[in-house]
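Structure record follows, encoded as structure tokens.
Bear in mind the structure is a predicted one, so any value in this text is a computation, not a measurement.
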Amino acid sequence: QVQLVESGGGLGQTGGSLRLSCVASGSPFNLYAMGWFRQAPGKEREFVAAISRSGLATHSASSVKDRFTLSRNNAENTLYLQMNTLKPEDTAVYYCAARFDPLGDDYFAAEYAYRYWGQGTQVTVSS
């Protein structure tokens, strides 16, 4: 099974940028569709963005579209989330997630589609 470790969170400013990384280990990274989710204080976890195992297909939530860019480097077993034009409402714990998808090349936006999760990284955006 795959293990996921997120990094890159921290304090950002409104209008600024942060880049999150998620490093996978323990299983071939290119067999997994990946996603980012976030959970703000007092709220349920929500979908942010997803990418197919090849990286050719991506999908983002409307709240982050045109601001966040999801990418992956299969050679380096790493998933990235480039977050630009940050807003205070982006404050949350961000989780990367993996779904074993060896025969497909789809993205998945539903939380229940993912079996493997990282521990999360805190992103705080000051106004």
**Request:** State plainly whether one hydrophobic cluster holds both Y116 and L81, where clusters connect Ile, Leu, Val, Met, Phe, Trp and Tyr through side-chain heavy atoms under 4.5 angstrom apart.
**Result:** yes
**Complete:** In short, R72 meets N30 closest at the heavy-atom pair NH2-CA, 4.2 Å
**Request:** Would you check if L4 and M34 make a side-chain contact, meaning some heavy-atom pair closer than 4.5 Å?
**Result:** yes
**Prompt:** So, do Q13 and L18 sit near enough that their side-chain heavy atoms are less than 4.5 Å apart?
**Reply:** no
**Prompt:** Within a radius of less than 6.0 Å around CD of Q119, do more than 12 heavy atoms belonging to other residues, nucleotides or ligands occur?
**Reply:** no
**Prompt:** Is any NZ, NE, NH1 or NH2 atom of the basic residue among R67 and D90 found under 4.0 Å from an Asp or Glu carboxylate oxygen of the other?
**Reply:** yes
**Complete:** One should read off an interatomic distance between L31 CG and R99 CZ, to the nearest 0.5 angstrom, of 13.5 Å
**Prompt:** Taking it one step at a time, do D105 and S52 satisfy side-chain hydrogen bond (donor to acceptor under 3.5 Å, both in side chains)?
**Reply:** CA-CA 5 Å; D105 197 27; S52 66; 3.1 Å; yes
**Prompt:** Does F37 have any ring pair (Phe, Tyr, Trp, His ring centres under 6.0 Å) partners at least two apart in sequence or in another chain, and if so, which?
**Reply:** F47, Y114, W117
**Message:** Is it the case that over 12 heavy atoms from other parts of the model lie below 6.0 angstrom from the CD atom of E89?
**Reply:** yes
**Request:** Using the rule that two of Ile, Leu, Val, Met, Phe, Trp, Tyr join whenever any of their side-chain heavy atoms come within less than 4.5 Å, decide whether V48 and F108 are in one cluster.
**Result:** no
**Prompt:** Can V123 and M83 be said to form a side-chain contact (heavy atoms from CB on, under 4.5 Å), step by step?
**Reply:** CA-CA 10 Å; V123 171; M83 306 189 297; 3.9 Å; yes
**Request:** Would you give the length of the straight line joining atom CG of L79 to atom CG of L70, rounded to the nearest 0.5 angstrom?
**Result:** 5.0 Å
**ILVMFWY network linking F29 to L20, side-chain heavy atoms under 4.5 angstrom** = yes
**side chain to side chain contact (heavy atoms under 4.5 Å, CB included) involving S27 - partner list, sequence neighbours excluded** = V2, Y32
**Among Y80, W36, Y95, Y94, the one residue meeting side-chain contact (heavy atoms from CB on, under 4.5 Å) with C22** = W36
